[in-house]
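Chain letters run A, B, ... following the sequence lines, proteins first, then strands; residues in each count from 1. Small disclaimer: the values here were computed from a predicted structure and weren't measured.
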There are 2 protein chains.
Amino acid sequence: MRADARRNVEGIRRAALDVFRAGGLTTPLDEVARAAGVSKGTIYHRFGSRTGLIDAVVEELVAERIAGIIEAVDALDGPLLRFEEYLLRTWLLQFDEPAANDVLMRVLPDSEPLTTLFDRACHFGGRLLHEAQAAGVVRADITPDDLAYLILERGVIVRACDQQTRDDYRRRLDFVLRGLRAVRK
Amino acid sequence: MRADARRNVEGIRRAALDVFRAGGLTTPLDEVARAAGVSKGTIYHRFGSRTGLIDAVVEELVAERIAGIIEAVDALDGPLLRFEEYLLRTWLLQFDEPAANDVLMRVLPDSEPLTTLFDRACHFGGRLLHEAQAAGVVRADITPDDLAYLILERGVIVRACDQQTRDDYRRRLDFVLRGLRAVRK
DNA sequence: TAACTTCTTGACTATGCAGTCAAGTAACGT
DNA sequence: ACGTTACTTGACTGCATAGTCAAGAAGTTA
């Protein structure tokens, strides 16, 4: 690979990290090209497709955030707290990081790296749900699908309602969490 | 107005009712034109703009549905039941009728007829919220804005997640309603 | 430095929708 | 039946984005 090509690949990667971080994985490639100081054609040349580029950066972009949540929540005590903190932190991540939101919304269902990240979060959430239900602290009729849906929903909302403040968003999450708890006898 | 023009206006109105009923107010005008058997230009000629056409049909398309909810809910007893039935029926209306959903989502914020319909629903909901909070049966920290948001959210979700079954959608609404109730002492 | 190969470019196609307008068509009045 | 005027048409512009490719630029090697 020629020197200029190597330079460009790196530049594009870095630009993609910046641009996708700010605007999510659906940002037009022209913006990445502009940020990298190359033409769109070069990106296609080097990464094959839009998805190719995303695959090449999404891990670095998002993995740490999801791992951070899993780690932090794993350190907490109590099945209800753990379950609710998992959801809360995930929902806030969706608000804060468009790219993470895109992963959690399965914007590119065919991308392996994206699927891996998504599954990691889902699997962990499923475990917490199971434990919380076993302890009788969240409603028994919530399914793992419902859980995925609760996250997908929030993603859709975050995307569409980008004028709401983080505080309002955060406050309203409490309503949702409350609805998932088991009814006190 | 010439006879053919009058005929066309009526044809377009009727086509718009059909098409918007099925696909919501954001359906491309070409589809309305095709359904009416005229060209797109004729629609613009007769109704001035996309919004003009929508204004001309939205009342007939949606008013009855919203009035129906208000009437039915008004006949119920108990502040909690009334509040929850209002939300539930509104949310189901959003699922069943894309056009009603567009109204409730304020897809065209500048259209008077749309605003009128929206305000009617909002005002009624606000009253129910107030009564329910006065009776201590729903959380006191829910604002009228939150209520509008709960409806907007659902609208966004319905639009984006069109593959979910009505039954699943319905079942999940219970989670949300549950989260709005006052905490039992 | 010249030949050779790799690489980059940006104009191009394609898609989908909003909205416009010159030119053609058809209803109406006399 | 013919002129006038209202009306309709559909091709056109404009916009935004994905993806392609022939031609020109530039790194590499001898």
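For the pair A:R6 and D:dG27, the criterion of a side-chain N or O lying under 4.0 Å from OP1 or OP2 is not met. In terms of phosphate contacts, A:Y44 brings no side-chain nitrogen or oxygen within less than 4.0 Å of OP1 or OP2 of D:dT20.
No donor-acceptor pair under 3.5 Å is formed between the side chain of B:R178 and the backbone N or O of A:L180.
Taking atom CE on B:M1 and atom C1' on D:dT8, their separation rounds to 13 Å, with Å as the unit. One interatomic measurement links the two molecules: CZ of A:F47 to P of D:dG19, which rounds to 15 Å at whole-angstrom precision. Between the CD1 atom of A:I43 and the C1' atom of D:dT17 there is a distance of 13 Å, given to the nearest Å. If you measure from atom CZ of B:R46 to atom P of C:dG19, you get 18 Å, rounded to the nearest angstrom. At whole-Å resolution of the value, CG in A:D30 and P in C:dC12 are 16 Å apart. Between the CD1 atom of B:I54 and the P atom of C:dG19 there is a distance of 9 Å, rounded to whole Å. Rounded to whole angstrom, the span from the CG atom of A:L29 across to the P atom of D:dG19 amounts to 7 Å. Between the C1' atom of D:dT8 and the NE2 atom of B:H45 lies a distance of 7 Å, rounded to the nearest Å.
Of all nucleotides listed (C:dT8, C:dA27, D:dA18), C:dA27 comes nearest to the side chain of B:D4. Nearest nucleotide to the B:R50 side chain, out of C:dT8, C:dG19, C:dA26: C:dG19. Proximity note for A:S39 (side chain, C-beta onward) versus D:dG10, C:dT9, C:dA18: the nearest is C:dT9. Taking every side-chain heavy atom of A:A3 into account, D:dT28 is the closest of C:dA18, C:dT9, D:dT28. Taking every side-chain heavy atom of A:V38 into account, C:dT9 is the closest of D:dT9, C:dT9, C:dA27.
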Trace of the side chain to side chain donor-acceptor pair (under 3.5 Å) decision for A:Q94 with A:R159:
CA-CA 9 Å; A:Q94 290 180 274; A:R159 277 186 157 202; over 6 Å; no
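For the residue pair A:T116/A:D119, the side-chain donor-acceptor check at 3.5 Å is not satisfied. Residues B:N8 and B:T42 bring no donor and acceptor atom of their side chains to less than 3.5 Å of each other. B:T165 and B:R170 are not linked by any side-chain donor-acceptor pair at a separation below 3.5 angstrom, with hydrogens and angles left out of the test.
Between the side chain of A:K40 and the base of C:dG10 there is no donor-acceptor pair of N/O atoms closer than 3.5 Å.
Along DNA chain C, the nucleotide nearest B:T42 and the nucleotide nearest A:R2 are compared for position; the residue whose nucleotide lies closer to the 5' end is A:R2.
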